[in-house]
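Report on the following structure.
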Amino acid sequence: MSETTATLYEQLGGEAAVNAAVDIFYRKVLSDHRINRFFDNTDMDKQAAKQKSFLTMAFGGPNNYSGADMRQAHAHLVKKLGLDDSHFDAVVEDLAATLQELNVPQELINQVAAIAESTRNDVLDR
Amino acid sequence: MSLYKLSVNDRDIICESGETVLDACLRENIDIPYGCRQGACQSCMVRSLQGPPPSAAQDGLKEVLRHQHYFLACLCYPQQDMAISISPPAEFFTEATVIEKSLLNAETLQLTLQCQETMDYYAGQFVNLKRADGLTRSYSIANNRLHANKLSFHIRRLAGGRFSEWAHQELNVGDKLEVSDPQGLCYYLPTSQENNLLLIGTGSGLAPLAGIVSEALHHGHKGAIHLFHGSREMDGLYWLEEMQDLASQYPNFHYTPCISRGDAPEGVARGRANDVAMTLLPSLKGWRLYLCGHPDMVHQTKRQAFLHGAALQDIHADAFHVASATLD
Ligand SMILES: Cc1cc2nc3c(=O)[nH]c(=O)nc-3n(C[C@H](O)[C@H](O)[C@H](O)COP(=O)(O)OP(=O)(O)OC[C@H]3O[C@@H](n4cnc5c(N)ncnc54)[C@H](O)[C@@H]3O)c2cc1C
Ligand code: FES
């Protein structure tokens, strides 16, 4: 890699891109009948902040997410509401659709999806 | 190299160059909540006590929070000495005398207090009222800023409600109450005057909204102002004529009373205030919203408004935790 190669996060546009994406993504998730029941009782402001952290991580940006955090944050959804692979797939789909809407090249979308994918087992507590 | 002094609660510490306020505090073992360290989770929000913080440290915060000098410690590289507060400030109370009591409808009392000190508040904020034995409840200020010595409230009587029933039945003109500093973020700022405003309230949630409308009109707000006031039945509404008069006086002010049960008389919409509003105003992109009243209504409307295009930063809400007799 040459020194000038930008990280995925930079290529996508850094924090500005995260800000643009979080609104669109969160709206998609809340209107997605497959998964919106997981958000029924959440505080919208706090949840938006979490979406922002999640997108920062998925874009390969600076983040403090650890597998343990992911597990902890989702464990009750797995146990009580039956969060499973189908829901995880729906989120990844909504994320890809968000990036398409923002005209992100498919190659970068694939990289983002791969990072999101790497959290699957932690999120689903396996 | 620049070193700045940080006064944090009771301590003075040094923030080294290239160090954030969060890092400096953590290095000095000052307990400050944090999560992401990059301005996303907002858990490290603190408040500057001496003037505005560097604006980069206020990235992503609601305008009213910026206005009150809140900032994110993890994004803040000081540019001068700073005094900051981590814990919410201690409440101060001032004494006030009841100067007027009247009924707005069968269950809502308009209570006006004359405060000993001039209150510095923004229309839409609330105060805590404390009676002699210490029982304290929050009530929204129903008037605008022009009456800084007088505060009026709309207090809805709840059967068995300890404060509200007492205020309706036993509190008299001439009695004294303690009033806290004004609080809350659901208020009007005369910035972005072209933005449209949508205000939705149920029951006595009209109080802060009426204050906000009056303040906005006073400042000559340029965007449209839409107020929806809802109740289950006609008895739960009040100030219909006052609001209709305002609406005929100001072409950009629109008022829609709503009832969710029974037949609606002319000029009153049938349905829940939030649903009526969302049907009439399908696109809320760029709008500022104020929601006050029943917690379920507030929660549901926040989501509806967001899905109709409003940015979360522009949605201001105070949920009143009341078990209510006439609201759906
Ligand atoms: C930011 C904010 C702003 C507010 N602004 C306003 C305002 O402008 N106007 C307004 O009217 N209200 C407002 N409220 C609500 C107000 O603060 C009080 O919560 C409300 O007046 C009820 O107080 P209370 O002491 O009368 O009732 P409480 O004694 O606290 O009782 C509340 C309810 O619970 C029921 N209850 C009490 N004890 C029991 C029990 N043991 N078992 C079962 N049920 C019980 C009562 O019957 C009553 O319905 C606001 C609240 C907040 C948080
Ligand atoms: S630590 Fe998350 S915003 Fe500062």
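Computed from a predicted structure; not experimentally measured. The sequence lines fix the lettering, A, B, ..., with proteins before strands; numbering per chain opens at 1.
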* **Carboxylate-amine/guanidinium contact B:Lys302 A:Asp45, below 4.0 Å** => yes

* SB check A:Asp85 A:Arg120 (cutoff 4.0 Å) -> yes

* Scan B:Tyr121, B:Tyr122, B:Phe126 and name whichever one has a ring pair (Phe, Tyr, Trp, His ring centres under 6.0 Å) with B:Tyr187. => B:Tyr122

* Asked: Out of B:Gln313, B:Gln300, B:His299, which one racks up the most heavy-atom pairs below 4.5 Å with chain A?
  -> B:His299

* Taking A:Arg27, A:Lys46, A:Met44, A:Gln51 one by one, which has the highest count of heavy-atom pairs under 4.5 Å against chain B? -> A:Arg27

* Between B:Ala310 and chain A, which part of the residue has a heavy atom less than 4.5 Å away: side chain, backbone, both or neither? -> backbone

* Answer with side chain, backbone, both or neither: which region of A:Asp40 has an atom nearer than 4.5 Å to a non-hydrogen atom of chain B? => both

* Asked: How far does OH of A:Tyr26 sit from NZ of A:Lys52, to the nearest 0.5 angstrom?
  -> 14.5 Å

